[in-house]
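One structure is given here, and the rest of the page talks about it.
Just so it is clear, the structure is predicted and the values come from calculations on it, not from any experiment.
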Amino acid sequence: MLGGTFDPVHLGHLRSAVELREALSLDRVHMIPAAMPPLRGEPRVSPDERLALLRLGIGDTPGLVADPRELEREGPSYSADTLASLRREVGAEARLVMALGHDAFLRLADWHEPERLFELAHVVVIDRPDHEAALPAALARLLAGREVEAGEALMASPAGKLLRLRLPSRMAISATEVRRRLAAGRSVRYLLPEAVEARLLARGLYRHR
């Protein structure tokens, strides 16, 4: 599970999903747009539009899935509920992973039912170079005894561990910057898949601040 607002999806998101799948030998990566992210502002375009852009971005990439389950559910997009839904589908013994970026990871203790996340899945943090900074106290308590050093140790059990993972590309593309450029009428070429760029421009999405 790789969640996010995908507002809009860009090459950083997609490259991270491909490299995450390769690094952990995952069967598939479910890219799941959030309908109402509890700890973030409301996305700039509709959920259906963000899903359509994500599907265009993924195209025929093997192992990547645009998963609409959070858009089809009422209420806030709690990751624990999404993981519970995935766990029901894959069964109790499957290795289930929730991947998230470093900024989201630092707020994990504030999420809805954070202990339940580890009951349902492993957590993989896509790390940044400055990840050595001290963790907030509540997060350190949540993670106590969970961290492993390699994917093999992670996959030894169905859930409950934490792995910090450095991906090869770590593309420094920001959806915020993409939105700024679109609002200003500036080029977003090579920041987005061509099909995503074409739909955004054709529909005038993100043109207004």
Side-chain angles (χ1 to χ4, degrees), residues 1-6 10 12-34 37-40 63-65 67 69-70 76-175:
M1 167 185 169
L2 181 62
T5 52
F6 301 118
H10 55 66
H13 295 136
L14 295 163
R15 186 64 203 170
S16 290
V18 168
E19 292 183 358
L20 179 72
R21 181 173 180 245
E22 289 178 347
L24 297 177
S25 300
L26 301 172
D27 293 326
R28 58 190 179 274
V29 175
H30 289 248
M31 300 184 74
I32 305 180
L39 297 179
R40 297 189 62 168
L64 302 193
V65 178
D67 187 328
R69 72 185 65 218
E70 288 191 356
S77 303
Y78 292 130
S79 293
D81 295 339
T82 304
L83 288 173
S85 170
L86 284 164
R87 177 56 75 189
R88 285 192 294 272
E89 290 179 12
V90 301
E93 297 305 314
R95 276 65 177 147
L96 185 57
V97 168
M98 179 181 75
L100 69 169
H102 195 267
D103 290 343
F105 166 64
L106 291 177
R107 302 172 70 184
L108 191 64
D110 299 326
W111 287 25
H112 180 70
E113 299 183 317
E115 294 281 355
R116 187 171 169 231
L117 300 172
F118 285 98
E119 293 170 7
L120 292 162
H122 298 300
V123 174
V124 170
V125 185
I126 300 173
D127 250 332
R128 291 193 324 218
D130 61 355
H131 78 282
E132 299 299 336
L135 298 179
L139 181 58
R141 289 193 296 272
L142 177 67
L143 303 180
R146 298 192 187 279
E147 188 161 1
V148 296
E149 298 297 324
E152 291 79 3
L154 194 76
M155 295 303 178
S157 60
K161 300 299 183 183
L162 171 83
L163 175 68
R164 302 185 197 221
L165 190 63
R166 290 278 187 94
L167 297 179
S169 295
R170 298 206 300 278
M171 296 173 72
I173 301 174
S174 155

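- Just one of Thr82, Leu96, Val29 meets the side-chain contact (heavy atoms from CB on, under 4.5 Å) condition when paired with Met1; it is Thr82.
- A donor-acceptor pair under 3.5 Å is absent between the side-chain atoms of Arg166 and the main chain of Asp127, judged by distance alone.
- Under a 4.0 Å N-O distance rule, the pair Glu89/Arg69 qualifies as a salt bridge.
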Begin from the C-alpha positions of Leu108 and Leu100 and carry the test side chain to side chain contact (heavy atoms under 4.5 Å, CB included) through to its verdict.
CA-CA 10 Å; Leu108 191 64; Leu100 69 169; 4.2 Å; yes
Would you check, one step at a time, whether the test side chain to side chain contact (heavy atoms under 4.5 Å, CB included) holds for Glu115 with Leu142?
CA-CA 7 Å; Glu115 294 281 355; Leu142 177 67; 3.6 Å; yes
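- Ion pairing between a basic and an acidic side chain is recognised when a charged N comes within 4.0 Å of a carboxylate O; Glu119 and Lys161 show no such pairing.
- A donor-acceptor pair under 3.5 Å is absent between the side-chain atoms of His30 and the main chain of Asp67, judged by distance alone.
- Taking the side chain as every heavy atom from C-beta outward, Phe6 and Leu14 never approach each other to under 4.5 Å.
- Taking the side chain as every heavy atom from C-beta outward, Leu83 and Phe118 never approach each other to under 4.5 Å.
- Each of Val123, Ile32, Leu117 was checked for a side-chain contact (heavy atoms from CB on, under 4.5 Å) with Ser79, and the lone residue meeting it is Leu117.
- No side-chain heavy atom of Leu163 sits under 4.5 Å from any side-chain heavy atom of Glu147.
- Side-chain contact between Leu24 and Arg95 is absent, with no heavy-atom pair separated by less than 4.5 Å.
- Arg87 contributes a side-chain N or O that, together with a main-chain N or O of Gly91, makes up a donor-acceptor pair within less than 3.5 Å.
- A salt bridge links Arg116 with Asp81: at least one charged nitrogen is closer than 4.0 Å to a carboxylate oxygen.
- Proximity of His122 to Pro158: side-chain heavy atoms (C-beta onward) are nowhere separated by under 4.5 Å.
- Heavy atoms from other residues, nucleotides or ligands lying under 6.0 Å from CZ of Arg28 number 12 at most.
- In this structure, His112 and Tyr78 have parallel ring planes: the angle between them is below the 30° cut-off, well short of the 60° mark.
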